[in-house]
Amino acid sequence: RGKSDDEKFVMVIPPPNVTGSLHLGHALTAAVEDTLTRWHRMLGHSTLYVPGTDHAGIATQSVVEKMLMKETKQTRHDLGREEFIKKVWEWKGEYGNRI
């Protein structure tokens, strides 16, 4: 508030999607982003760091479709929309909060 554009630092980065387990590389990325934000704040800049939430619906859909084919030899069309959405939520329940 009241700062010029060159005195502002804003980073809006969504985290990795739910298509698998998070690993040390993801944690390192978040640590670097956090460090950059804190450094800019120490310089007196207004800062905003918004990590966000899962953003990769298409990638998630693809992973769930591959899992379905491997496990049941079915496509999402074979299941129908409602049943496929249930499978996606099951997948998210299993992998969404891992780190």
Side-chain angles (χ1 to χ4, degrees):
R1 185 171 153 202
K3 300 271 186 176
S4 67
D5 285 344
D6 61 342
E7 295 176 326
K8 295 178 183 175
F9 181 79
V10 178
M11 186 180 308
V12 182
I13 305 289
N17 56 52
V18 297
T19 56
S21 299
L22 299 179
H23 51 74
L24 189 56
H26 296 110
L28 178 61
T29 298
V32 169
E33 293 165 355
D34 180 68
T35 302
L36 282 170
T37 303
R38 290 171 188 266
W39 181 66
H40 279 276
R41 171 148 298 174
M42 288 170 45
L43 293 174
H45 299 161
S46 293
T47 60
L48 177 62
Y49 174 47
V50 183
T53 59
D54 174 59
H55 65 286
I58 294 172
T60 302
Q61 175 182 331
S62 176
V63 169
V64 173
E65 286 186 68
K66 288 177 186 176
M67 177 197 70
L68 276 174
M69 185 54 70
K70 182 178 178 182
E71 293 178 1
T72 67
K73 303 291 186 227
Q74 290 182 305
T75 68
R76 65 185 163 98
H77 302 290
D78 295 332
L79 283 182
R81 181 179 174 83
E82 295 303 317
E83 202 56 38
F84 180 72
I85 290 172
K86 286 180 189 176
K87 294 289 185 187
V88 171
W89 280 107
E90 288 172 14
W91 180 266
K92 191 224 180 263
E94 184 174 344
Y95 293 102
N97 294 321
R98 281 193 185 176
I99 187 156

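Computed over heavy atoms, backbone and side chain alike; hydrogens, waters and symmetry mates excluded.
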Look up atom [atom1] in [X] and atom [atom2] in [Y], then write down how far apart they are to the nearest 0.5 Å.
| X | Y | atom1 | atom2 | value |
| --- | --- | --- | --- | --- |
| Leu36 | Arg41 | CG | CZ | 14.0 Å |
| Glu65 | Lys87 | CD | NZ | 13.5 Å |
| Glu90 | Met67 | CD | CE | 7.5 Å |
| Arg81 | Ile85 | CZ | CD1 | 4.0 Å |
| Arg76 | Glu83 | CZ | CD | 15.0 Å |
| Leu79 | Gln74 | CG | CD | 4.5 Å |

Same apolar cluster: Met11 and Leu43, side chain cutoff 4.5 Å: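 As far as the 4.5 Å side-chain criterion goes, Leu43 and Met11 are not connected within one cluster.
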Give the cluster check for Phe84 versus Trp89: same hydrophobic cluster or not, with ILVMFWY residues linked at side-chain heavy-atom distances below 4.5 Å.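 In one cluster: no.
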Side chain proximity check, [X] to [Y], heavy atoms < 4.5 angstrom:
| X | Y | answer |
| --- | --- | --- |
| Tyr49 | Arg38 | no |
| Thr75 | Met69 | yes |
| Lys8 | His45 | no |

Test log, rule side chain to side chain contact (heavy atoms under 4.5 Å, CB included), inputs Val88 and Lys92: CA-CA 6 Å; Val88 171; Lys92 191 224 180 263; 5.6 Å; no
Would you name the heavy atoms of Lys73 and Asp78 that are closest together and state the gap between them?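 Closest approach of Lys73 to Asp78: O-OD2, 4.4 Å.
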